[in-house]
Amino acid sequence: MEGAIFIGHRLGLEVVAEGVENAEQLSLLRDMHCDLVQGFFFYRPMPAKEIDRLLGGFVPGHEGLSS
């Protein structure tokens with residue numbers, strides 16, 4: 001994994017780790033200087049209406065995905 005992150009950075013890319021499920025994985029990826037992470041550790045898959053509600057709380061002026 002560390003080699004893939006290194007190669008991505010050498011190519012000038014932003015590296016995204018998918019499938020982060022626990023704090024240990026997140027810590028390891030931070031130590032390896034991974035740029036972005038996503039996975040069940042943060043949120044489980046959810047219906048679009050719930051995502052609208054979630055984004056409405058974080059994004060100023062967000063009016064929903066269907067607008």
Side-chain angles (χ1 to χ4, degrees):
M1 186 179 340
E2 192 168 12
I5 294 170
F6 174 78
I7 290 169
H9 287 160
R10 290 290 298 215
L11 292 170
L13 301 172
E14 204 170 43
V15 179
V16 180
E18 297 181 354
V20 177
E21 296 183 5
N22 58 53
E24 289 99 344
Q25 291 171 341
L26 179 59
S27 178
L28 180 63
L29 288 163
R30 282 182 175 155
D31 290 346
M32 289 190 242
H33 305 287
C34 188
D35 300 304
L36 301 166
V37 295
Q38 65 183 36
F40 287 169
F41 182 72
F42 302 99
Y43 286 100
R44 297 257 179 210
M46 62 182 71
K49 287 192 181 271
E50 288 183 41
I51 293 172
D52 274 348
R53 206 173 348 206
L54 175 70
L55 291 177
F58 290 117
V59 180
H62 175 76
E63 297 177 17
L65 298 173
S66 56
S67 320

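Bear in mind that the values here come from a model prediction, so they are computed numbers and not experimental data.
Taking CE from M32 and CE from M1, the interatomic distance works out to 4.5 Å, rounded to the nearest 0.5 Å. Here the CD1 atom belonging to I51 is positioned 11.0 Å from the OH atom belonging to Y43, to the nearest 0.5 angstrom. Distance check: Q38 CD to E18 CD gives 4.5 Å after rounding to the nearest 0.5 Å. Between the CD atom of Q25 and the CZ atom of R30 there is a distance of 13.0 Å, given to the nearest 0.5 Å.
Between the D35 side chain and the V15 main chain, a donor and an acceptor come within less than 3.5 Å of each other.
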**OP:** Decide side chain to side chain contact (heavy atoms under 4.5 Å, CB included) for L26 and V37; before the verdict, give the C-alpha distance in whole Å, the side-chain angles of both, and the deciding distance to 0.1 Å.
**Re:** CA-CA 8 Å; L26 179 59; V37 295; 3.7 Å; yes
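Heavy-atom minimum distance, I5 versus C34: CD1-CB, 3.9 Å.
Transitive grouping of hydrophobic side chains (ILVMFWY, heavy atoms separated by less than 4.5 Å) brings F42 and L28 into a common cluster.
Within a 6.0 Å sphere centred on CD of E2, heavy atoms belonging to other residues, nucleotides or ligands number 12 at most.
When side chains are defined from C-beta on, V20 counts as touching L29, because their heavy atoms get closer than 4.5 Å. Between F40 and N22 there is no side-chain heavy-atom pair separated by less than 4.5 Å.
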